[in-house]
Trainee: 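Quick one: the structure is below, questions incoming.
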Amino acid sequence: MATHGCLSPFWLPLVLLLSMLFAARAEDAYKFLTWNVTYATLAPLGVPKQVIVINGQFPGPEIDAVTNDNLVINVFNSLDEPLLITWNGIWQRRSSWQDGVLGTNCPIPPHRNFTYDFQVKDQIGTYFYFPSSGFHKAAGGFGGFKIDNRIIIPLPYKSPDGELTVLIGDWFNANHTVLRAKLDAGGKLGLPDGVLINGRGPFGAFYTFQQGKTYRLRISNVGIATSLNFRIQGHKMKLVETEGSHTVQNLYDNLDIHVGQSYSVLVTLDQTPSDYYMVASTRFTNPVLNGIGVLHYSNSPSRVSGPLPGGPTIQIDYSLNQARTIRWNLTANAARPNPQGSFHYGMINVSRTIILAGSAAAINNKARYTVNEISHIDPGTPLKLADYFKIPGVFSLGSIPDSPNGGSPSLGTAVLSTDFRAFLELVFQNNENIVQSWHVDGYSFFVAGMDGGQWTPDKRREYNLFDAVSRSSTQVYPQSWTAVLLELDNVGMWNIRSELWERQYLGQQLYMRVFNPEVSFRNEVPIPSNVMLCGRASR
């Protein structure tokens, strides 16, 4: 007979392991945030629009974290629609429960709250968050998310004199409900109405810096449709980081930033005291749209004037060649004290190759977008919950093929079945005349190669297996391919999506189930005690 107050020897190892893991997390700092998500009527481009604001702010409050911080974010949904917040580029180690997309979480109902609780484990860098459901991203609700190094890990450059988060993105004047209804009816968005810098229209973003000082700008493209080129009149930008990776420190006059991507650059105010244009202009569009801000020297005697500094417009080769110069800094320490280059990704044998080809399609006489002929639909029950509770009929593993098969496009719930610790070669094939942008939740990947035409196995000879940059979002140029390599070391259900939000909303996404048959807290945290249930999981 069991004695109350004692544990059997069978449970002792598990209890000790859980105690050590919880203790390790408890040693790291906790930060508690409370957000109230509401609507406000704003007019960044002069046209009033229903904008999503957080605690009355647009953009929303910046998340300022340090490696291994624990973040507890209580989100109150004061909208009239369900809401989810996702964290672009945050790995959510062992916890896709906190990822904030429809495949992992039930949306927060109107006038309810949900508390996200996650650790930014072993991460540094520049990221952002945004609302992931209901086409809310077109209404704002985004904000910066930065993770600083722990003080014991040195930066590979002198600490800057200051920092500025710069959120750039295209903007549509129509309410998100109007845009959503247009897509639901089979229409297309068309060109945006303009470009915002930190939520402001032309000349609304005005920043005062001191001559002779060096500043770190954390720049993210938070838009929904358009690649942007960022530049500051008369000033070089030294690239130092992208999405958690320290980079080779090249100097750039301008930088292409595709949808969903983030960069850190150092800018030294070494010019004659004056005001200078800060420009984010659309790439590969006609006409070119400009977001305009001002970099103001504190001792400037004059206001900005004259023509905008020129930048690239439709040149694909310019962007491709620039992308190939963005490489990993092998000697820099990132979140851990060992150099980034100590992980020799190029020496690991690939265990599986998956080719994902996106395309436009008409299904049931409406515009849709597909990956390998499947246009994803969310089943109403989060895939993560269906997997955990073993609910049949919500999704089927392997419901999307490993490569395009030329079949007829169809609607489906697209889930790849993958194994924990597999080393994956993932090829994004773009057979359209657009610039694509793809993102993988839960991971960073090595951008091994990109080029024009069709990917074939002999393209591997073009791969950079030495210092390819590691990141979570990558562009794919028209009629081209991009190949990435990643180790599947993070158990969970992870979203792979086009960052072009019209395409994501109309089916150009899928999920990757990374599975380990060994159920252990070391591999995946337990289901949260506050998990929301919906769909067939709520019965």
Side-chain angles (χ1 to χ4, degrees), residues 40 42-47 49-54 57-63 85-89 126-132 135-146 164-176 179 189-205 207 217-232 242-243 254-265 278-285 287-293 311 434-439 472-473 475 497-505:
L42 302 175
L45 295 178
V47 178
K49 171 175 174 168
Q50 189 180 61
V51 176
I52 294 176
V53 299
I54 301 177
Q57 301 177 43
F58 174 64
E62 181 172 284
I63 297 176
I85 302 289
T86 193
W87 325 92
N88 207 67
T126 302
Y127 310 95
F128 64 96
Y129 62 84
F130 66 90
S132 65
F135 215 67
H136 288 148
K137 193 180 183 188
F142 49 75
F145 192 144
K146 69 172 185 175
L164 175 67
T165 293
V166 183
L167 303 179
I168 59 177
D170 51 33
W171 189 251
F172 291 78
N173 285 329
N175 283 350
H176 77 280
L179 298 173
L189 292 184
L191 284 174
D193 294 294
V195 176
L196 305 186
I197 299 178
N198 282 344
R200 306 293 185 265
F203 301 100
Y207 302 104
L217 273 57
R218 297 178 180 264
I219 314 162
S220 297
N221 185 339
V222 297
I224 66 171
T226 317
S227 299
L228 298 173
N229 181 268
F230 183 82
R231 55 198 181 275
I232 299 174
T242 179
E243 298 164 24
N254 59 75
L255 193 61
D256 277 354
I257 305 177
H258 303 277
V259 183
Q261 293 185 339
S262 298
Y263 289 95
S264 285
V265 299
M278 178 185 292
V279 180
S281 60
T282 56
R283 289 286 266 125
F284 323 113
T285 66
V288 173
L289 305 174
N290 294 301
I292 306 171
I434 63 164
V435 176
Q436 261 284 15
S437 187
W438 285 94
H439 179 85
S472 59
S473 297
Q475 71 274 29
R497 61 177 176 265
S498 171
E499 292 278 47
L500 309 186
W501 221 239
E502 172 180 345
R503 289 171 170 261
Q504 182 272 353
Y505 180 76

Trainee: List for me each residue that meets ring-ring contact (aromatic ring centres under 6.0 Å, His included) alongside Tyr505, sequence neighbours excluded, and say none if there are none.
Mentor: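 Expected list: Phe135.
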Trainee: For Asn198, enumerate each residue passing the side-chain hydrogen bond (donor to acceptor under 3.5 Å, both in side chains) test, keeping only those at least two apart in sequence or located in another chain.
Mentor: Tyr207
Trainee: When you measure from the side chain of Asp170 to the backbone N and O of Pro192, does any donor-acceptor pair fall under 3.5 Å?
Mentor: no
Trainee: How far does OG of Ser498 sit from CD of Gln504, to the nearest 0.5 angstrom?
Mentor: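 Result: 8.0 Å between the selected atoms.
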Trainee: Side-chain contact test, heavy atoms from C-beta onward, threshold under 4.5 Å: evaluate it for Pro59 versus Phe130 and give yes or no.
Mentor: no
Trainee: Return the minimal non-hydrogen interatomic distance between Val53 and Ala40, and the atom names on each side.
Mentor: CG1-CB, 3.9 Å
Trainee: What residues, two or more places apart in sequence or in another chain, satisfy side-chain hydrogen bond (donor to acceptor under 3.5 Å, both in side chains) together with Glu62?
Mentor: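 Once residues adjacent in sequence are excluded, the partners of Glu62 under the side-chain hydrogen bond (donor to acceptor under 3.5 Å, both in side chains) criterion are Thr165.
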Trainee: How many angstroms lie between atom NZ of Lys146 and atom CD1 of Ile63, to the nearest 0.5 angstrom?
Mentor: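 So the gap between those two atoms works out to 12.0 Å.
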Trainee: Aromatic rings Phe145 and Tyr127: how do their planes relate, parallel, tilted or perpendicular, breaks at 30° and 60°?
Mentor: perpendicular
Trainee: Rounded at 0.5 Å granularity, tell me how far CD1 in Ile168 sits from CD1 in Ile197.
Mentor: 7.5 Å
Trainee: Can you name the residues that form a side chain to side chain contact (heavy atoms under 4.5 Å, CB included) with Leu191, not counting sequence neighbours?
Mentor: Thr285, Pro287
Trainee: What distance separates Ile219 CD1 from Leu228 CG, expressed to the nearest 0.5 Å?
Mentor: 11.0 Å
Trainee: Which residues pass the side chain to side chain contact (heavy atoms under 4.5 Å, CB included) test with Val47, sequence neighbours left out?
Mentor: Asn173
Trainee: What's the separation between atom CD1 in Ile85 and atom CZ in Phe142, rounded to the nearest 0.5 Å?
Mentor: 11.5 Å
Trainee: One pair to check against side-chain contact (heavy atoms from CB on, under 4.5 Å): Ile224 and Glu502. What are the steps and the verdict?
Mentor: CA-CA 7 Å; Ile224 66 171; Glu502 172 180 345; over 6 Å; no
Trainee: Sub-3.5 Å donor-acceptor pair from the side chain of Asn221 to the main-chain atoms of Thr226, do we have one?
Mentor: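 It does hold such a pair.
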Trainee: In chain order, what residues pass the ring-ring contact (aromatic ring centres under 6.0 Å, His included) check against Phe284, with sequence neighbours excluded?
Mentor: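 Partners of Phe284 under the ring-ring contact (aromatic ring centres under 6.0 Å, His included) test: none.
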Trainee: Go through the structure and list residues passing salt bridge (charged side-chain N to carboxylate O under 4.0 Å, His left out) with Arg231, not counting sequence neighbours.
Mentor: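 None.
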Trainee: Work out which heavy atom in Val288 is nearest to a heavy atom in Ser281; give both atom names and the distance.
Mentor: CG1-CB, 4.0 Å
Trainee: Check Lys137 against Gly223 and note the closest heavy-atom contact, atom names and distance.
Mentor: NZ-O, 3.1 Å
Trainee: Give me the atom names and distance for the closest heavy-atom approach of Asn88 to Ser473.
Mentor: ND2-OG, 4.1 Å
Trainee: Looking only at the side chains, is there a donor atom on one of Gln261 and Glu499 sitting less than 3.5 Å from an acceptor on the other?
Mentor: no
Trainee: Under the side chain to side chain contact (heavy atoms under 4.5 Å, CB included) test, which residues partner Pro44, sequence neighbours left out?
Mentor: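 If we apply the side chain to side chain contact (heavy atoms under 4.5 Å, CB included) test to Pro44, skipping adjacent residues, the hits are Leu42, Phe58, Trp171, Leu196.
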Trainee: Pick one: which of Ser264, Ser220, Ser262 meets side-chain hydrogen bond (donor to acceptor under 3.5 Å, both in side chains) with Thr126?
Mentor: Ser264
Trainee: Can you give me the closest heavy-atom contact between Ala139 and Lys49, atom names plus distance?
Mentor: CA-CE, 4.3 Å
Trainee: For Tyr263 and Ile257, run side-chain contact (heavy atoms from CB on, under 4.5 Å): C-alpha distance rounded to whole Å, both residues' side-chain angles, the deciding distance at 0.1 Å, then the answer.
Mentor: CA-CA 8 Å; Tyr263 289 95; Ile257 305 177; 3.8 Å; yes
Trainee: Taking side chain to side chain contact (heavy atoms under 4.5 Å, CB included) as the test, write out the residues that go with Ser472, two or more places apart.
Mentor: Glu243, His439
Trainee: What verdict does the ring-ring contact (aromatic ring centres under 6.0 Å, His included) test give for Phe172 and Trp501, after you've listed the backbone C-alpha separation in whole Å, the side-chain angles of each residue and the deciding distance to 0.1 Å?
Mentor: CA-CA 12 Å; Phe172 291 78; Trp501 221 239; over 10 Å; no
Trainee: Taking only residues two or more places apart in sequence, or in another chain, which ones meet Arg503 in a salt bridge (charged side-chain N to carboxylate O under 4.0 Å, His left out)?
Mentor: Glu432
Trainee: Who are the salt bridge (charged side-chain N to carboxylate O under 4.0 Å, His left out) partners of Asp256, not counting sequence neighbours?
Mentor: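 Salt bridge (charged side-chain N to carboxylate O under 4.0 Å, His left out) list for Asp256, sorted by chain: Arg283.
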Trainee: Counting N and O atoms only, with roles assigned by atom type, does the side chain of Asn290 sit under 3.5 Å from a partner on the main chain of Val195, one being a donor and the other an acceptor?
Mentor: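 No: the side chain of Asn290 does not pair with the backbone of Val195.
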Trainee: Give the minimum heavy-atom separation between Leu45 and Pro202, together with the two atoms involved.
Mentor: CD2-CD, 4.0 Å
Trainee: Output all residues satisfying ring-ring contact (aromatic ring centres under 6.0 Å, His included) with Phe230, sequence neighbours left out; order by chain, then residue number.
Mentor: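 Residues passing ring-ring contact (aromatic ring centres under 6.0 Å, His included) with Phe230: none at all.
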Trainee: Do Phe203 and Ile292 pass the side-chain contact (heavy atoms from CB on, under 4.5 Å) test, and can you show the C-alpha distance, the side-chain angles, and the key distance before you say yes or no?
Mentor: CA-CA 5 Å; Phe203 301 100; Ile292 306 171; 3.7 Å; yes
